Structures are given as C-alpha cells and as structure tokens.
*Asks:* 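Below is a structure I'd like to ask you about.
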Amino acid sequence: MEKKTFHISGMTCQHCVARVKKALESASGISGVHVFPDNNTVVLEAEQLPSLENLNSLLEEYGDYRLQII
C-alpha cells in the first residue's frame, strides 16, 4: 500500500473539502482519501497512485484545486 501526502491549493471552505474528497475518491485505485483543511494537505492511499498530472486533471473537473508534492 502506497501512502503519499500532497499540498492542495484552492480549498476555502468545508464545501471545497467535500468536493476534493469526492473527486479523489473517484480516481481508479485510490483506497483512502484524507483531507486536512487546517494545513491544506491531502493524504492518499492506493496500491499504486495515479500520476500527479492525472490527479490534477480530475480535480479540475470539480473546481480550481491543484495538488503539489510535498
């Protein structure tokens, strides 16, 4: 199981948190999504994480959110 922490930009409220969680949970192979709005981070768990490019493309469909590797 792979676990990775990302910084996320664009989250401003709990509605954003819910949208980001929904978007990332829809990605193939993701088994866990943990969003921490207090420090703008997301922890993803998966057997094999999709590429950062694929994750950001998916997030763009839900709003102006962007992941960056920490």
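Quick note: residue numbers are just sequence positions, from 1. What you see is a predicted model, and the numbers here were worked out from it, not measured in a lab.
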*Asks:* Applying side chain to side chain contact (heavy atoms under 4.5 Å, CB included) between Ser31 and each of Glu2, Glu47, Met1, Glu25, report the one that passes.
*Replies:* Met1
*Asks:* From Cys16 SG over to Lys21 NZ, what is the distance, rounded to the nearest 0.5 angstrom?
*Replies:* 15.0 Å
*Asks:* Donor-acceptor pair, distance only, cut-off 3.5 Å: does the side chain of Lys3 make one with the backbone of Ala46?
*Replies:* no
*Asks:* Given side chains that start at C-beta, do those of Thr12 and Pro37 come closer than 4.5 Å, heavy atoms only?
*Replies:* no
*Asks:* About how many Å separate CG of Leu55 and CZ of Arg66, when rounded to the nearest 0.5 Å?
*Replies:* 10.5 Å
*Asks:* Using the rule side chain to side chain contact (heavy atoms under 4.5 Å, CB included), only one of Val42, Val43, Ile69 pairs with Lys4; which is it?
*Replies:* Ile69
*Asks:* Nearest 0.5 Å, what's the CG-OG distance between Leu49 and Ser28?
*Replies:* 11.5 Å
*Asks:* Flag yes if more than 12 heavy atoms outside Asn40 fall under 6.0 Å of its CG atom; otherwise flag no.
*Replies:* yes
*Asks:* At what distance, to the nearest 0.5 angstrom, does CD1 of Ile8 lie from CZ of Phe36?
*Replies:* 12.5 Å
*Asks:* Ignoring hydrogens and geometry, is there a side-chain-to-backbone donor-acceptor pair from Asn56 to Leu67 under 3.5 Å?
*Replies:* yes
*Asks:* If you compare all heavy atoms of Phe6 against all heavy atoms of Leu52, which two are closest, and at what distance to 0.1 Å?
*Replies:* CE2-CD1, 3.8 Å
*Asks:* Please say yes or no: joined through hydrophobic side-chain contacts below 4.5 Å, possibly via intermediate residues, are Leu44 and Leu58 part of one cluster?
*Replies:* no
*Asks:* In Å, rounded to the nearest 0.5 Å, how long is the span from CE of Met11 to NE2 of His7?
*Replies:* 8.0 Å
*Asks:* Determine the minimum heavy-atom distance between Leu59 and Tyr65, stating which atoms define it.
*Replies:* CB-O, 3.9 Å
